[in-house]
Number of protein chains: 4
Amino acid sequence: MPSRPAKRRPATAASRPNRDRPALRPQRSVGRERVANLMIAAADVIRERGFDAATMAEIAERAGAKVGSLYRFFPSKEVLADALMQRYADLIDAACDEIDARLSALAADELADLFVNFFVKIHHESGALTALLEARSHWSAKRLEFREQALKRFVNTLLLRAPALPRKTARDMAVVLLNNMKTMVAMTVDKSAPTSPGSADELRFMNRLYLASKLAGFER
Amino acid sequence: MPSRPAKRRPATAASRPNRDRPALRPQRSVGRERVANLMIAAADVIRERGFDAATMAEIAERAGAKVGSLYRFFPSKEVLADALMQRYADLIDAACDEIDARLSALAADELADLFVNFFVKIHHESGALTALLEARSHWSAKRLEFREQALKRFVNTLLLRAPALPRKTARDMAVVLLNNMKTMVAMTVDKSAPTSPGSADELRFMNRLYLASKLAGFER
Amino acid sequence: MPSRPAKRRPATAASRPNRDRPALRPQRSVGRERVANLMIAAADVIRERGFDAATMAEIAERAGAKVGSLYRFFPSKEVLADALMQRYADLIDAACDEIDARLSALAADELADLFVNFFVKIHHESGALTALLEARSHWSAKRLEFREQALKRFVNTLLLRAPALPRKTARDMAVVLLNNMKTMVAMTVDKSAPTSPGSADELRFMNRLYLASKLAGFER
Amino acid sequence: MPSRPAKRRPATAASRPNRDRPALRPQRSVGRERVANLMIAAADVIRERGFDAATMAEIAERAGAKVGSLYRFFPSKEVLADALMQRYADLIDAACDEIDARLSALAADELADLFVNFFVKIHHESGALTALLEARSHWSAKRLEFREQALKRFVNTLLLRAPALPRKTARDMAVVLLNNMKTMVAMTVDKSAPTSPGSADELRFMNRLYLASKLAGFER
DNA sequence: AATGAATGAGAATTCATTCAT
DNA sequence: TATGAATGAATTCTCATTCAT
């Protein structure tokens, strides 16, 4: 009974294992399209199954690709998740920019609604956001970073609107707003738990109430 | 010429005649203690790792038991989760009973705080609740049932307090409150995302604001 | 404070999205060879131990493969059995074609012998046939299909030889012949029960007697 | 991390392990009834699922007993199977006695029919016979012994009827007859494979033909 | 560069059998 | 004695990741 066959070449120190490499940024348009498709597929699968249950094989298949291709661009599942998070961070940045530009023209309630619908809009485009935020299995640095970055942008927008607001208060508010955004996604997008549209209205109402109350007296 | 001794019957995981059996009620005190330990361990592991990533082996080990014992009482991971959910449902029932008894003596803000801290208190006792509610992998009937039951109890309490409230409105409010409860757990108990205590205060404030506003004019 | 590294996603056997996929057709020559070896090994192990007692691990090992490879091509034990059955169905088809071609040149006794040795010849090539036909654990559709297909071919051959035979009679005869084929395998190939060669002669004799008697008067 | 707890007392040489003990022959009527029920349940389960797939737990449950009781009377699955086989051997003995008594009054065809229906009648009473004969997993001595004993009885009856028959021929015939008995069970009792009643008629016909042909000239 | 194949390290689940009360 | 509980060794199946052509 021969002992197990020796492990396949154990990745010599020289040959840096693949997974530490960051996501590949393809140069040619065909490559960029492929990456886009892979990320869409990944978002879909992760939304449907959750991060843990999503398999690289299904993601590749959903994108009409082979796992090999998937691994060419995203050397590990973690990196793929990170890339998605980065994408969401960028989307949030852009949306905040847009809000900031119109900020002085917005009524408080409008601002509140824009906030609360933030993630829903992102979800509309690529829906793995909440699934990734929930995933306990590996709170990668990237995911914490995302949270941080999002909060900072929200704080920034809040302070732009109400400069007299203490920064610390703004930060705590941002945390609450972020959770409301997640809740709104759960209530309007997730099909699993049956929720009447009325509850989304309630959430919107609560969010308006809260923001109006907090901004009152601090607004420019 | 097969020389090995005949193998025992393959414990074919495929033909699982067992999985659908409900959780076994232990008969003897040693069994009751074991079940209690198993549920504590399960709650711990599921909280820490999430439902998908929690393994039956770790749960058993943490309870000082062998998987065989775990499976004796809980014939599948699903059933184990369902048993936990049932436990939480019972806890909620009891807590609602308590609130209902004191209801007329409570200020609106006190009521709001009791609501928002609901899950935190449960978490304190057994912390897998939010992890289970998040688990996408299998929205088992039991889990939906739990949601439904919890919502019904909240509606009941709300209507007790404000009988003039339309039932449908109460239901939508309950959904929002439930999400606030989950958020509060995330903000105060989960150690993964660093959150200042201030944000919990903000959430409490928002919740008070909301409840007060909705109950105003409807209260007994 | 969980310190262990986050575990890989539990390869939950419960959520098997794979099992129902048909056997994979290998693309490369190395894959084809592997599949061939796996089927040989499977037939051997199933013959020796019976379907239930045969384990995927032993099959893989006997083929010099890892279970992972086995499952790549045959996503479940059922599918593996089905693939073997399909193989046997093809062999039977081919053998019937051959008999049909020579049919008019055959004496009735020769035909009877060809029939009764049918399964023995198949067994010689790949010996899981009777073990699979016996397996009670899961009368998969494929296995019933096999039976049906084999019976149809036998009926066809019988009617070719004796066109005046009522189809229903031919069908009933085919069932008897099929059982004789199985018996012949048991008597000549299985090493478990000690049987003298004389009993095979007796079976052959009975089969001749039967066929001659039934065909008499109906032959072309 | 303490190593695994020491195995529970490893059955000292003094305390002869249970499984070598033969089946308990209960003295009191209540015990005899319990054993009878257990054997009926065992036969049912084994017939339905096959020997390998039958579990001691299901057998006990089907008999309205606990596994502990089952093991009290049958110290292992093997012993249980052996007890069933012994039962079948006794039934066959009795049936042969009966045939022998009427032998001179029987037409050859009647004798043939009695033979071919042998196992069906037994099956009617307790149906695990063919399942046990098929079970490859452990060709225990008892099972071979059964075969031997049955064959001997058949030979005996054949020689009683046709004393001039060479003993060796009678033995080979008995093997064929035994297989026909099994086939008849498969065709008339097993519900899995759909078989028309006509095929049973064919089998009966073949069996008559064969026996008549073989006995001709040798009969008393 | 694309991709079919390999694989190792689990993970869920089962069950014959033995104990202890 | 009856029976609830314990257990350990198997067994099926999964999947992230790496190779070789």
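Chain naming here is simple, since letters A, B, ... match the order of the sequence lines and numbering starts at 1 in each. Everything numeric in this text was worked out from a predicted model, so none of it was measured.
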Do A:Glu78 and A:Phe51 have side chains that get closer than 4.5 Å, going by heavy atoms?
yes
Grab the CZ-P distance between B:Arg49 and E:dG10 for me, whole Å please.
13 Å
Strictly below 4.0 Å, heavy-atom distances to any atom of DNA chain F: list the hits from residues 35-43 of chain B, or just say none.
none
Roughly how many Å is it from CD1 in A:Ile59 to C1' in F:dT17, rounded to a whole number?
14 Å
Could you state the CG-P distance from B:Leu24 to F:dA5, rounded to the nearest angstrom?
7 Å
OP1 or OP2 of E:dG4 sitting under 4.0 Å from any side-chain N/O of C:Arg28?
no
For DNA chain F, write out the stems as range with range, using runs of 3 or more consecutive Watson-Crick or G-U pairs with both distances under 3.5 Å.
E:2-21 with F:2-21
Could you name each residue pair satisfying salt bridge (Lys or Arg N to Asp or Glu O under 4.0 Å) that touches residues 22-34 of chain B, not counting sequence neighbours?
none
What's the verdict on side chain to side chain contact (heavy atoms under 4.5 Å, CB included) for D:Met56 and D:Leu80, showing C-alpha distance, side-chain angles and the deciding distance?
CA-CA 10 Å; D:Met56 296 296 269; D:Leu80 175 54; 4.1 Å; yes
Taking for each residue the nucleotide of DNA chain E with the nearest heavy atom, is it C:Gly31 or D:Val67 whose nucleotide lies nearer the 5' end?
C:Gly31
Can you check whether D:Ser69 has a side-chain N or O nearer than 4.0 Å to OP1 or OP2 of F:dT3?
yes
Here the distance between atom C1' of E:dG10 and atom CD of B:Glu61, to the nearest Å, is 14 Å
Quick one, B:Leu24 and B:Val35 - any side-chain contact, counting heavy atoms below 4.5 Å?
no
Would you say F:dT1 has OP1 or OP2 under 4.0 Å from some side-chain N or O of D:Arg72?
yes
Atom CG of A:Leu70 to atom P of E:dA1: distance rounded to whole Å?
16 Å
C:Tyr71 has an atom OH; how far is it from atom C1' of F:dA16, in whole Å?
18 Å
So, B:Arg143 and B:Glu134, do they make that salt bridge, N to O below 4.0 Å?
no
OP1 or OP2 of E:dT13 sitting under 4.0 Å from any side-chain N/O of B:Arg21?
no
Walking DNA chain E from its 5' end, the first of D:Gly68 and C:Phe73 to be reached, judged by nearest nucleotide, is C:Phe73
The residue, C:Glu78 or D:Ala65, whose nearest nucleotide of DNA chain F is more 5′ is D:Ala65
Whole-Å gap separating P (F:dT11) and CD (C:Glu58):
9 Å
Using a cut-off of 6.0 Å, state whether more than 12 heavy atoms not belonging to D:Gln86 lie near its atom CD.
yes
Within the 4.5 Å heavy-atom criterion, are D:Glu48 and D:Arg62 side-chain neighbours or not?
yes
Given E:dA12, F:dT17, F:dA5, identify the nucleotide with an atom nearest to the side chain of A:Ser76.
F:dT17
Rounded to whole angstrom units, what separation is found between the CD1 atom of C:Ile46 and the P atom of F:dT12?
11 Å
Select one nucleotide: of F:dG4, E:dA6, F:dT7, the one nearest the side-chain heavy atoms of D:Lys66.
F:dG4
Less than 4.5 Å apart, any side-chain heavy atom of A:Arg49 and any of A:Glu58?
yes
Is there side-chain contact between B:Val67 and B:Glu61, with heavy atoms separated by less than 4.5 Å?
no
Without swapping roles, check the side chain of B:Lys77 against the backbone of B:Ala54 for a donor-acceptor pair under 3.5 Å.
yes
